[in-house]
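Working notes, beginning with the structure itself.
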Amino acid sequence: MKTLVILAHPDMENSRINKRWKEELRKYPDKITIHELYKEYPDWNINIEKEQELLSKHDNIIFEFPLYWYSSPPILKKWFDEVLSYNWAYGNEYRLKGKNIGFAVSVGGPEQEYSKEGSVRFSMNEILVPFEATVKYIKVNLISHYFVFDTENLSDEKLSENAENYIKYIFNIN
């Protein structure tokens with residue numbers, strides 16, 4: 001089962017975490033398709049049919065992005081709005097029904113800040129509720145999320161370990 005990773009990072013060249021994850025993903029071209037939205041659509045004109053065809057060819061789909069103001073980078077929201085269209089993803093047809101979707105998110109702050117007691121006051125699972133609602137609405141299987149926290153303070157060694165664990169996460173999708 002091949003996995004599609006939809007990568008939404010507006011500045012991959014200056015990314016440390018998502019860039020390292022992408023390097024790790026590239027080691028498995030026979031099992032993982034990497035699709036970079038900002039690279040594919042620098043003009044933001046999303047080819048809906050192309051995107052839907054790409055989704056149709058994969059059973060597992062991971063949305064990878066850095067947390068931006070407690071959400072995703074804006075192109076991913078636009079992608080959801082346009083690609084998951086009526087009578088394709090929902091309505092009279094649910095063409096993604098039965099597929100597996102997960103989210104891999106890099107978070108700048110420490111994990112303890114993403115709790116009721118932390119400065120953010122919400123967990124990452126709570127922050128991703130709108131994405132989870134979308135997944136449920138289109139009748140797709142939501143799998144567990146993959147997070148890395150405190151990205152500014154992550155050592156190169158820990159980042160490499162995290163990237164390897166990201167691959168294990170992808171390969172363990174049922």
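Numbers here are sequence positions counted from 1. Basis for what follows: all heavy atoms, side chains included, without hydrogens, waters or symmetry-related copies.
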*First locate atom OG of Ser15, then atom CZ of Arg20, and finally report the distance between them rounded to the nearest 0.5 Å.*
11.5 Å
*For the hydrophobic clusters of this structure (ILVMFWY residues joined by side-chain heavy atoms under 4.5 Å, transitively), does one cluster hold both Trp21 and Phe63?*
no
Distance-only donor-acceptor pairs under 3.5 Å for side chains of residues 26-33, two or more places apart:
unit_1, atom_1, unit_2, atom_2, d
Lys27, NZ, Glu24, OE1, 3.2
Thr33, OG1, His58, NE2, 2.9

_Closest non-hydrogen atom pair, Ile138 against Tyr90_ = CG2-CB, 4.3 Å
*Is there a donor-acceptor pair closer than 3.5 Å between any side-chain N or O of Gln52 and the backbone N or O of Val83?*
yes
*Does a side-chain heavy-atom distance below 4.5 Å link Pro110 with Phe149?*
no
*Is it true that the side chains of Asn87 and Tyr94 contain a donor and an acceptor less than 3.5 Å apart?*
no
*Yes or no on salt bridge (Lys or Arg N to Asp or Glu O under 4.0 Å) for Glu126 and Arg121, after CA distance, side-chain angles and deciding distance?*
CA-CA 10 Å; Glu126 290 172 310; Arg121 299 297 223 207; over 6 Å; no
_Flag side-chain contact, heavy atom, 4.5 Å: Glu53 against Lys50_ = no
*Does the ring centre of Phe147 sit less than 6.0 Å away from the ring centre of Tyr114?*
no
_Minimal non-hydrogen separation, Trp88 against Ser56, with atom names_ = CZ2-OG, 3.7 Å
*Side chains of Leu4 and Asp59: closer than 4.5 Å at any heavy-atom pair?*
no
_Check for me, please, whether Met124 and Ile143 land in the same ILVMFWY cluster - side-chain distances under 4.5 Å, paths through other members count._
no
*If you group Ile, Leu, Val, Met, Phe, Trp and Tyr by side-chain heavy-atom gaps below 4.5 Å, do Leu84 and Leu142 land in one group?*
yes
*Side-chain contact, heavy-atom cut-off 4.5 Å: Tyr146 with Asn165?*
yes
*Specify the closest pair of heavy atoms between Pro66 and Pro73, including all atoms of both residues, with the distance to one decimal.*
O-CD, 3.5 Å
*Under the side-chain contact (heavy atoms from CB on, under 4.5 Å) criterion, do Phe65 and Leu37 qualify, and how do the steps go?*
CA-CA 10 Å; Phe65 57 90; Leu37 294 182; over 6 Å; no
*Short question: side chain of Arg16, backbone of Thr151 - any donor-acceptor pair under 3.5 Å?*
yes
*For Phe122, look at atom CZ and say whether over 12 heavy atoms of other residues, nucleotides or ligands are found less than 6.0 Å away.*
no
*Would you say Ile173 and Ile61 are hydrophobically clustered, going by side-chain heavy atoms of ILVMFWY under 4.5 Å?*
no
*Using modelled atom types only, decide if a donor and an acceptor are shared between the side chain of Arg95 and the backbone of Ala89 within a distance under 3.5 Å.*
no
*For the pair Val107 and Val148, evaluate side-chain contact (heavy atoms from CB on, under 4.5 Å) and give the outcome as yes or no after the intermediate values.*
CA-CA 6 Å; Val107 183; Val148 62; over 6 Å; no
_Cluster link Leu67 to Leu159, ILVMFWY, side chain under 4.5 Å_ = no
*Does the side chain of Glu64 reach to within under 4.5 Å of the side chain of Leu25, using non-hydrogen atoms?*
yes
*With sequence neighbours excluded, give me every side-chain hydrogen bond (donor to acceptor under 3.5 Å, both in side chains) pair touching residues 133-143.*
Asn100-Asn141
*Is Ser72 reaching over with its side chain to a backbone N or O of Leu76, donor-acceptor style, under 3.5 angstrom?*
no
*When rounded to the nearest 0.5 angstrom, what is the spacing between OG in Ser119 and CD in Gln112?*
9.0 Å
*Between Ser115 and Gly118, is there a donor-acceptor pair closer than 3.5 Å when you use the side chain of the first and the backbone of the second?*
yes
*asked:* Side chains of His145 and Glu132: any donor to acceptor distance under 3.5 Å?
replied: yes
_Residues Tyr38, Trp44; criterion side-chain contact (heavy atoms from CB on, under 4.5 Å); working and verdict_ = CA-CA 8 Å; Tyr38 280 95; Trp44 287 52; 3.8 Å; yes
*Going from CD1 on Ile167 to CG on Asn172, what distance comes out if it is rounded to the nearest 0.5 angstrom?*
11.5 Å
_Could you tell me if the side chain of Phe131 sits less than 4.5 Å from the side chain of Ile101, heavy atoms only?_
no
*Closest approach of Glu51 and Trp79, non-hydrogen atoms and distance?*
OE1-NE1, 2.7 Å
*Please examine the side chains of Leu7 and Met12, heavy atoms only from C-beta on, and report whether any two atoms are closer than 4.5 Å.*
yes
*Judged by atom type as modelled, is there a donor-acceptor pair below 3.5 Å linking the side chain of Ser160 to the main-chain atoms of Glu157?*
no
*Indicate yes or no for a side-chain donor-acceptor contact from Asn162 to the backbone of Lys158 under 3.5 Å, with no hydrogens or angles considered.*
no
*Taking all atoms of both residues into account, what is the closest heavy-atom pair of Pro10 and Tyr68, and its distance?*
CG-OH, 2.9 Å
_Do Val135 and Phe103 make a side-chain contact, defined as non-hydrogen atoms from C-beta onward lying under 4.5 Å apart?_
yes
*Spacing of CG belonging to Asn14 relative to NE2 belonging to His9, to within rounding of 0.5 Å*: 8.5 Å
_Of all pairs that satisfy salt bridge (Lys or Arg N to Asp or Glu O under 4.0 Å), the ones with a partner from residues 68-79, not counting sequence neighbours_ = Lys77-Asp81, Lys78-Glu82
*Atom CG of Asn18 and atom CD of Glu23: how far apart are they, to the nearest 0.5 Å?*
11.5 Å
*Derivation of the side-chain contact (heavy atoms from CB on, under 4.5 Å) call for Asn92 and Tyr86*: CA-CA 8 Å; Asn92 294 318; Tyr86 181 73; 4.1 Å; yes
